Amino acid sequence: MTDSTRSTDEDGRTDVEALDKEYVFGTWSYQNEVDPTEVVGGDGVRFTDAHGTEYLDLSGQLMCSNLGHSADAVADAMAQQAREGAYFAPGFATEARARLGEKLAEVTPGTLSKTFFSTSGTEAVEAAIKIARMYTGKQKIISRYRSYHGATAGSISVTGDPRRLKAEPGMPGSIKAPDPYAYGSTLDPMESLDYIEEMLMLEGDTVAAILVEPIVGSNGILVPPEEYLPRLKEIAHEHGALLICDEVMAGFGRTGEWFGCDVFDVTPDIMTMAKGLSGAYAPLGATIVTDEIADHFEDEMFCHGHTYAGHPVACAAGLAAVESYQEQNLIEHASDVGAYLGDRLEELAESHPSVGDTRGVGLFRGIELTKSEDERVPFGERSDKISTGSTVVDEVADAAAADGVYVANMINTLIIAPPLPITESDVDDAIDVLDDALEVSDAAMD
Ligand SMILES: Cc1ncc(COP(=O)(O)O)c(C=O)c1O
């Protein structure tokens with residue numbers, strides 16, 4: 001118990017938990033199953049709830065708290081900006097927005113140089129789709145089944161995971177392709193690429209862009225073979241389509257490189273960012289394009305915008321966050337600790353029969369579970385993402401939480417994406433807890 005421990009009602013809820021349940025929608029959920037835990041604060045890679053439990057944050061909340069929970073430089077920059085001028089219309093230039101634009105041109109690869117700022121990953125993707133359409137004059141977007149690109153009408157249409165089903169038929173021109181998923185797909189990863197090439201050929205010259213997460217995040221941490229992304233860019237360009245890399249989750253050091261596409265040495269035509277861009281200190285999204293695409297809009301209208309495009313407080317957070325990654329060498333640190341994390345996850349795989357696969361890069365890793373030691377049989381199916389009740393994967397995550405480790409899970413995979421400042425000793429603490437929690441799935445095997 002800590003000083004922050006709150007009193008609870010007969011259902012064990014604090015007053016905040018009871019109010020929240022009554023008055024606020026839980027996202028992507030059947031509301032009768034929503035029962036949020038009140039959190040009261042965070043420090044470094046840990047946070048605390050109102051019942052006195054401290055958690056090691058093994059998923060950086062929603063794979064976004066890349067700087068941890070006490071990045072004072074970011075909080076100070078936001079407070080200073082709010083005092084000096086919280087908001088000015090996008091038609092004005094502010095120092096925070098201009099310097100963050102310059103910074104993103106510096107840390108992104110190749111000639112990516114000009115940015116449109118928004119307030120979320122969803123909006124960053126919406127902007128990318130519109131820019132690709134305006135630039136190419138074509139309408140279709142090829143994306144992949146195992147993907148998440150956002151919640152709004154357009155971005156959920158190009159999303160492949162089952163959350164799109166409630167929004168279908170969705171945006172015309174959204175076409176889905178298979179994924180490079182060595183563990184779970186019937187197609188070999190490079191065969192899935194041949195499939196996309198065939199699609200491009202059959203669609204003729206009508207595809208504006210191929211939109212991919214360079215390393216798939218919430219659909220299971222899928223890392224393609226080394227040659228996949230370079231070849232994808234080639235085939236896109238051979239067919240007059242752009243390559244959009246959605247770096248909303250993989251970006252800002254998560255992979256041990258600045259961006260997921262850096263792992264494969266590929267510069268996309270358009271890149272989307274959010275989450276780690278501000279270390280989750282402010283809602284901030286960004287869509288950056290190459291010089292060539294930027295030039296196109298010199299004499300064509302850039303027909304897009306929002307009231308909060310380039311919000312000064314959010315941009316101040318973004319600038320301070322990117323400077324923090326640089327000043328604290330967090331990208332290199334993520335690579336080093338990430339390698340250690342990978343080794344420790346391998347050990348878990350060896351000692352737990354229900355661990356079917358561990359995969360990932362840097363501090364972006366997944367543990368996929370299996371019911372059967374002989375063949376891959378998931379505990380959680382894709383359809384579980386939109387059905388009621390909990391799966392064995394949820395139960396493993398609950399067991400870890402009961403032992404002080406917060407870990408997100410999606411479909412059949414535990415998603416490990418901690419704040420980048422995590423240390424090897426924190427990793428050891430987390431592995432001890434996961435070692436116990438995975439007994440739950442071992443016991444549930446066929
Ligand atoms: C790859 C990717 N793109 C887009 C989004 C949407 O971002 P947001 O939730 O900030 O709208 C997400 C969110 O998880 C994501 O992982």
Side-chain angles (χ1 to χ4, degrees), residues 25-29 59-66 116-132 141 143-164 167 170-171 174 176 179-181 209-224 229 243-255 258-261 263 268 270-288 306 308-309 311 314 317-318 321 360-361 363-366 385 407-411 413 415-417:
F25 273 112
T27 56
W28 305 110
S29 300
S59 298
Q61 298 302 303
L62 223 41
M63 293 65 84
C64 55
S65 295
N66 292 18
F116 169 76
F117 287 109
S118 54
T119 58
S120 66
T122 292
E123 286 179 350
V125 168
E126 291 286 348
I129 293 170
K130 280 181 71 178
I131 290 170
I141 306 288
S143 56
R144 301 181 306 198
Y145 282 101
R146 293 180 177 90
S147 68
Y148 181 70
H149 295 294
T152 50
S155 60
I156 197 72
S157 300
V158 294
T159 286
D161 92 19
R163 285 174 281 184
R164 86 185 132 93
M171 181 177 75
S174 314
K176 302 293 181 314
D179 322 81
Y181 180 27
I210 302 183
L211 165 64
V212 296
E213 297 168 72
I215 295 173
V216 170
S218 52
N219 277 249
I221 315 291
L222 311 180
V223 187
L229 202 63
L243 176 67
I244 305 172
C245 279
D246 183 348
E247 296 276 359
V248 167
M249 197 179 283
F252 295 97
R254 179 118 322 281
T255 61
W258 273 101
F259 296 98
C261 62
V263 172
I270 305 177
M271 181 194 281
T272 58
M273 301 163 256
K275 296 192 187 260
L277 167 57
S278 72
Y281 279 75
L284 181 63
T287 308
I288 192 166
H306 304 285
Y308 293 152
H311 192 288
V361 183
L363 289 172
F364 199 30
R365 299 197 177 254
K385 189 90 196 130
V407 60
N409 76 88
M410 305 278 172
I411 303 174
T413 301
I415 310 280
I416 305 199

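The model shown is predicted, which means the values in this text are computed figures rather than measured ones. Counting convention: from 1, in listed order, for ligands and their atoms alike.
Arg163 places a side-chain heavy atom less than 4.5 Å from the side chain of Ile156. Contact annotation: the side chain of Leu211 approaches that of Asp246 to within less than 4.5 Å [non-hydrogen atoms, C-beta and beyond].
Interface of Met249 with ligand 1, defined as ligand atoms under 4.0 Å from a residue heavy atom, comprises 14 (O), 16 (O). Numbered from 1 in the order shown, with element, the atoms of ligand 1 that lie under 4.0 Å from a heavy atom of Glu213 read 1 (C). Distances below 4.0 Å separate heavy atoms of Gly121 from the following atoms of ligand 1: 6 (C), 7 (O), 8 (P), 10 (O), 11 (O). Atom numbering of ligand 1 starts at 1 in the shown order; those under 4.0 Å from a heavy atom of Ser120 are 10 (O), 11 (O).
Only the side chain of Lys275 comes within 4.0 Å of ligand 1, counting heavy atoms alone; its backbone N, CA, C and O stay farther away.
Of the protein's non-hydrogen atoms, Asp246 OD2, 2.7 Å is the one closest to atom 3 (N) of ligand 1. The nearest protein atom to atom 9 (O) of ligand 1, hydrogens excluded, is given as Thr122 OG1, 4.4 Å; this is a heavy-atom distance. Tyr148 O, 3.2 Å is the protein heavy atom nearest to atom 2 (C) of ligand 1.
For Phe259 and Phe252, the ring centers are positioned less than 6.0 Å apart.
No side-chain donor from either of Gln61 and Ser65 sits under 3.5 Å from a side-chain acceptor of the other.
Under a cutoff of 6.0 Å and an axis angle of 45°, Arg146 and Tyr181 do not form a cation-pi pair.
Scanning both residues, Asn219 and Tyr148, for their nearest heavy atoms gives ND2-N, 3.8 Å.
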